[in-house]
J.: 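Handing you a structure now.
Letters A, B, ... are given to chains in the order of the sequence lines, protein chains preceding strands, and every chain is numbered from 1. Values below: all heavy atoms of this structure, side chains included; hydrogens, waters and symmetry mates excluded.
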Amino acid sequence: MSLPEKFTKPYNAAETEDRISKLWEESGFFNPDNLPGDRKEVFSMVLPPPNVTGVLHMGHALTITLEDIMTRFHRMKGASTLWIPGADHAAVATQAKVENEIYKKEGKTRKDLGREELLRRIIEFAEASKETIIKQTKRMGASVDWSRFAFTLDEKRSFAVRTAFKKMHDAGLIYRGYRIVNWDPKGQTTLSDDEVTHEERKAKLYTFKYSKEFPITIATTRPETKLGDTAVAVNPSDARYKKYIGKEYDIDFAGAKLHIKIVGDESVDPAFGTGALGVTPAHSIIDAEIAERHKLPMIPVINEYARIILDLPGLKDKKVAEAREIIVEWLKKESLLEKEEEVTHNVALSYRTNGVIEPLPKLQWFIAASKEFDHFDKKTTLKKIMRKPVENGEIEIIPDHFKKTYFHWVDDLRDWCISRQIWYGHRIPVWYCQACGPAHGGDMAKCAEPIVRIEDVKKCPHCGGPVEQDPDTLDTWFSSALWTFSTLGWPEDSKDLKTFHPTNVLETGYEILFFWVARMILMSGFFLNEIPFKTVYLHGTIRDTKGKKMSKSLGNAVDPLDMIAKYGTDAIRMSLVVGTAPGTDSKIDENKIRAYKHFANKIWNIARFVLENTEDLEEVKVTATKDKELWNVFENLKKDMTKDIGEFRFYLASEKIYHYLWHEFADNIIEESKTVLKTREKNSRQMLLKMILEESLKLLHPFMPFVTEEIWQLMKKPNLLAIEKWPV
RNA sequence: GGGCGCUUAGUUCAGUUGGUUAGAACAUUCGCUUCACACGCGAAAGGUCGCAGGUUCGAGUCCUGCAGCGCCCACCA
C-alpha cells in the first residue's frame, strides 16, 4: 500500500468534513435499526430540541459535542444506539420574534394580520429556521438519527399533547381558575412563575395615608394600584394597630370610592416600613393570598395593556406610569404624602420579551402540583412524582449538588399556569358551548362545562349547539415535557417506546433544570409511571472572554460556524470538552480552539509516519520486551479512558488521549522508533506502532470524529470507524 | 432574606474516593528549516493551591470561621 498523496499536505478539515458527513449519512448507521450485529445493550438519548427562533450558538455546540461523545462511545461499545434530534417551537419567543420583524418591516401588528395570516408567517419562519438548525447540527458531526426527527408542533407531537392534556384533565390535575397570573403586556400573554426573571432597579417608595381620617399609614412603590385596595393588613400582635383590626372605612381616594377593612395577618412583618400593608388583591400575588384568607373582594385596576380600567376621570386608560404620577400629585395636593424615598427593588420581567410583568387576575388553565390523586393504585401528588426518583437515586444528577437546587424548586412549586394568550403553539383542546341550555334541548349545567377532547369538537355533545375552541395555546414547556416519550411514539404503545424508554441520559444546560428536566420527570412519571432518564448531565454556560453571557444584543456571541470554518469541527469539539467540568461555566478561548486544530494535524502526521514506516509490515506479534511494556501502558490508558467516559468524565478522557498521543506516542515512541526500526526488532516495533495508531483512532473517535474517520478511510479499512468495536 | 457554587502558574482551567518533587493549554524566554509534522522539535522560567484555625503519619483535596466573586430561588408592601 502506497501512502496517499494527501498526507504530503497538512490536514484540511474544510475539505474533509462534508465528505465524511455524507459517508456517515449514507451508511444509515445512526439509525439503530440499521446497525450491524446482535446488540443487546441499548443506549438512548434525546437532543434538547433547539428553539426555532434562530441559529446554533456555542451552547448548542457544547450539547451536541457532549452527547455525540456518549452516543459514539456506546455505539462502538456495541449498544443499539439512538439519539433523537428535534426542534422546539418555543411559542412565546418565536411569535414575539416574528411579530417584531413584521412590525419593523411593515408596521403591522398581530391584530392587523389576524390569527390565520400571522400563524402562516410564523410557520414559514419556523420552517426556514428548522432547516438551518438541521444543517448546522450536521456540521457539528452529530450522529443523530435524522429519520426520527421530531418537532414539538408536528402532527404526532400535537396528538401526544392533546392526549396528555385530556388525561391530566380527566385525572383532575388540569383545572381552570381565576387567579393572579404573571402577565407580560409586551408579549400579551401570561407566563409561568419560572418564566419570570427579576432585575434590580431604582424606584420610589411612597409613604402615605389613603385619607386624613384613615388611622394607618402605608407605603408602596406602586400608588396607582392602591385604587384597587380593599384592606390594610397588620400583624395581629402589633400593639400599634391591634385596636383597629376588624374596623372598616369608606374612603375617597383620588376619586375612587374605597372600602378598606383592617385585617390581622401573620404574614405581615411589623418591622418593615410602617408595619402595615395596603392590600391590593387584584395586582399582587401576596395580597391575593391575604385576600383569600380574609374573604376580601378583588377590584381589578389595570388591564392587559397596563392601563387603568377604572372609570375615573383623568385616570381611565392612563398607562400605569402616568397614573402613578397623577396619584402622587393628588397625594401631595391633599397633604397625605408623608415620605418619598429612593429604593432599589426587584422588577419582574418576562424572560422572553424582557417586558415588565404586571400581575393580573385572569381565567387560566393550571396544573395542580400539590393535589393528591390516585396513581397506579397509590395516592400521590405531582410534586412527589418529581421528588421521589431523584431522592432515591433512580435518577442521578451530575454534578450532584444540583439535587439540592432541584428539591428546593420542587418543594416551593406553585400550580403551573399552562395557558398562553398567543396564537403560535398547541391550541388548548377545550371547547365551550355557545348556545347553552334548554333552548337547544340541552342541559344548562352540562353545557356550561368545558368540553375537553383529543379530537376536534364540531358541536356541543349535550345540546348540539355551536361550540368555540378556547383561544389560548399551551406553554411550550408542556409539549417539551413529553419529549422523551412523545418522540418515541407515545401515546401509541410503540416498539420504540418499549425499546428506548427510559432514555439513558439527558444532557443539557443547568439553566433549564426546572423548565425542562423537572417537567419531564413529572410527565413521564405521570403518564408512564416511569423515569424519563437515568442520568441527568448538566453542563455550564459558555461565556465570552470576559465571563459575560453571550447574547446577540450584546454583540459578544461567538458563532460556532465561524470557528468551524476557521479551525474545523474536531477542534471546536475538543476545545469545548477538555477541562470543562460538568455544571461549571466556561469561557470561550480562540487560542484553545487553535491548539486543537494543531492537534488534529498532529494526529494526521502521526498517522503518516506510522503508515510510511509500516508499509512492509508482516503480521507478527509484538515480541520485544520494551514494546510489550509500551503496549501495557497503552492498555492502561484504554481502560482508564473507558472508565472516564462511562462515568461522564469526558474532560479527563479527552485530555488523557491528547496527552498520550502527543507527548508519549509522538514524542517518545515515534522518536525512539526512528532508531529501533533500523534494528532487528523492527517487525515488533512496526506492529506496535500500527496497533497503537489504530486503537488510538478508535479512542479518539468520539471526540474528534472527522479526522479519525478520514485517516481510517485512507487506511482502506472495510468498515466505518464510527461502527468499529471499542477496543476495551 | 434563603440556598448553591467558585477562589490553584501571566491568562483560561483540570486535579475523579486525602498519599510520592501540584498538571494542561495558551502566552513568555532561549536554541533549532533534525529526512511525520514550523499547525513543528528541544530546553527553560513561572504557583507560600483566597485568608485564619483544626482533624490526620500526611490536606489543593476533609471540618470550622472569615473575605472576595458569581449564580439560583423568594420577595417587603
Side-chain angles (χ1 to χ4, degrees), chain A residues 3 7-13 193-194 196-198 205-207 218-223 225-226 229 232-234 267-269 271-280 284-287 290 343 345-348 399-409 411-414 510-511 513-514 540-541 543 545 547 549 567-568 571 574-575 578-613 640 643-644 647-649 651-656 658-659 662-663 666-667 670-671 673-674 689:
Chain A
L3 200 67
F7 274 122
T8 58
K9 294 194 189 101
Y11 173 62
N12 183 342
D193 294 341
D194 297 288
V196 177
T197 59
H198 296 273
L205 179 69
Y206 302 95
T207 306
I218 57 162
T220 184
T221 53
R222 301 203 54 189
T225 64
K226 300 288 108 183
D229 281 14
V232 164
V234 297
S267 73
V268 179
D269 177 4
F272 188 87
T274 64
L277 161 66
V279 181
T280 319
S284 156
I285 294 174
I286 295 292
D287 293 9
I290 295 173
V343 291
H345 74 151
N346 280 328
V347 178
D400 188 56
H401 66 255
F402 275 101
K403 265 188 194 168
K404 287 181 192 167
T405 319
Y406 179 82
F407 290 137
H408 278 131
W409 178 83
D411 294 343
D412 292 346
L413 187 63
R414 274 194 278 234
Y510 62 71
E511 72 277 5
L513 180 61
F514 310 141
T541 307
R543 297 170 179 277
T545 43
K549 240 181 182 170
Y567 304 106
M574 276 300 269
S575 73
V578 177
T580 305
T584 310
D585 292 355
S586 55
K587 295 178 188 174
I588 187 76
D589 182 356
E590 203 169 326
N591 283 330
K592 193 173 169 188
I593 304 174
R594 191 186 306 115
Y596 292 109
K597 175 192 187 288
H598 295 176
F599 180 53
N601 194 54
K602 189 75 185 180
I603 307 296
W604 187 250
N605 282 295
I606 286 172
R608 176 181 167 182
F609 178 88
V610 172
L611 295 180
E612 253 174 4
N613 287 284
D640 240 30
K643 195 157 180 277
D644 282 338
E647 291 169 12
F648 304 94
R649 292 185 299 267
Y651 56 108
L652 288 185
S654 52
E655 198 177 349
K656 279 175 188 167
Y658 172 92
H659 199 259
W662 202 313
H663 300 299
D667 289 353
I670 287 183
E671 282 310 315
S673 297
K674 287 173 187 172
L689 291 175

J.: For B:G23, does OP1 or OP2 lie under 4.0 Å from any side-chain N or O of A:His659?
T.: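 Answer is no, no contact under 4.0 Å.
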
J.: Give A:His345 one of three labels, base, sugar-phosphate or nothing, depending on what nucleic acid heavy atoms sit under 4.0 Å from its own.
T.: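 Sugar-phosphate: the residue A:His345, judged by heavy atoms under 4.0 Å, touches backbone atoms but no base.
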
J.: Is the shortest side-chain N/O distance from A:His663 to OP1 or OP2 of B:A25 below 4.0 Å?
T.: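 True: A:His663 side-chain N/O within range (under 4.0 Å) of B:A25 OP1/OP2.
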
J.: Under the criterion side chain to side chain contact (heavy atoms under 4.5 Å, CB included), which of A:Thr220, A:Ile290, A:Thr225 is the partner of A:Thr280?
T.: A:Thr225

J.: From C-beta outward on A:Lys597, which listed nucleotide comes closest to its side chain: B:G42, B:A36, B:C39?
T.: B:C39

J.: Checking all strands, does A:Asn613 fall into the base, sugar-phosphate, or nothing category for heavy-atom contacts under 4.0 angstrom?
T.: nothing

J.: Determine: side-chain N/O of A:Lys587 to OP1/OP2 of B:U12, distance under 4.0 Å, yes or no.
T.: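 Yes, within the criterion.
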
J.: What nucleotide, of B:C41, B:A77, B:A14, holds the atom closest to the side chain of A:Phe272?
T.: B:A77

J.: With A:Val578 as reference, evaluate A:Tyr651, A:Tyr658, A:Tyr596 under the side chain to side chain contact (heavy atoms under 4.5 Å, CB included) test and give the passing residue.
T.: A:Tyr596

J.: Using a cut-off of strictly less than 4.0 Å, decide whether A:Lys674 has a side-chain nitrogen or oxygen near OP1 or OP2 of B:A36.
T.: yes

J.: Does A:Trp604 place a side-chain N or O at less than 4.0 Å from the phosphate oxygens OP1/OP2 of B:G40?
T.: no

J.: Students often get this wrong, so: under 4.0 angstrom with heavy atoms, is A:Asn601 touching a base, only sugar-phosphate, or nothing?
T.: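 The answer is base, as A:Asn601 lies within the cut-off (heavy atoms under 4.0 Å) of a base atom.
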
J.: Taking only side-chain nitrogens and oxygens of A:Tyr651, does any of them come within less than 4.0 Å of OP1 or OP2 of B:G15?
T.: yes

J.: Determine the contact category for A:Lys643: base if any of its heavy atoms lies under 4.0 Å from a base atom, sugar-phosphate if only primed atoms, P, OP1 or OP2 are that close, otherwise nothing.
T.: nothing

J.: How would you label the contact of A:Leu513 with the nucleic acid (heavy atoms, under 4.0 Å): base, sugar-phosphate, or nothing?
T.: nothing

J.: How long is the span from the OH atom in A:Tyr510 to the OG1 atom in A:Thr584, to the nearest 0.5 Å?
T.: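 Spacing of OH (A:Tyr510) from OG1 (A:Thr584) equals 8.5 Å.
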
J.: Given that A:Gly579 and A:Lys656 both sit by RNA chain B, which one's nearest nucleotide is further toward the 5' end?
T.: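 Final value for this comparison: A:Gly579.
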
J.: Checking base pairs now: Watson-Crick or wobble, both atom distances under 3.5 Å. What partners B:C69?
T.: B:G5

J.: Looking at B:C72, B:A14, B:C37, which one has an atom nearest to any side-chain atom of A:Leu652?
T.: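 So the side chain of A:Leu652 is nearest to B:A14.
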
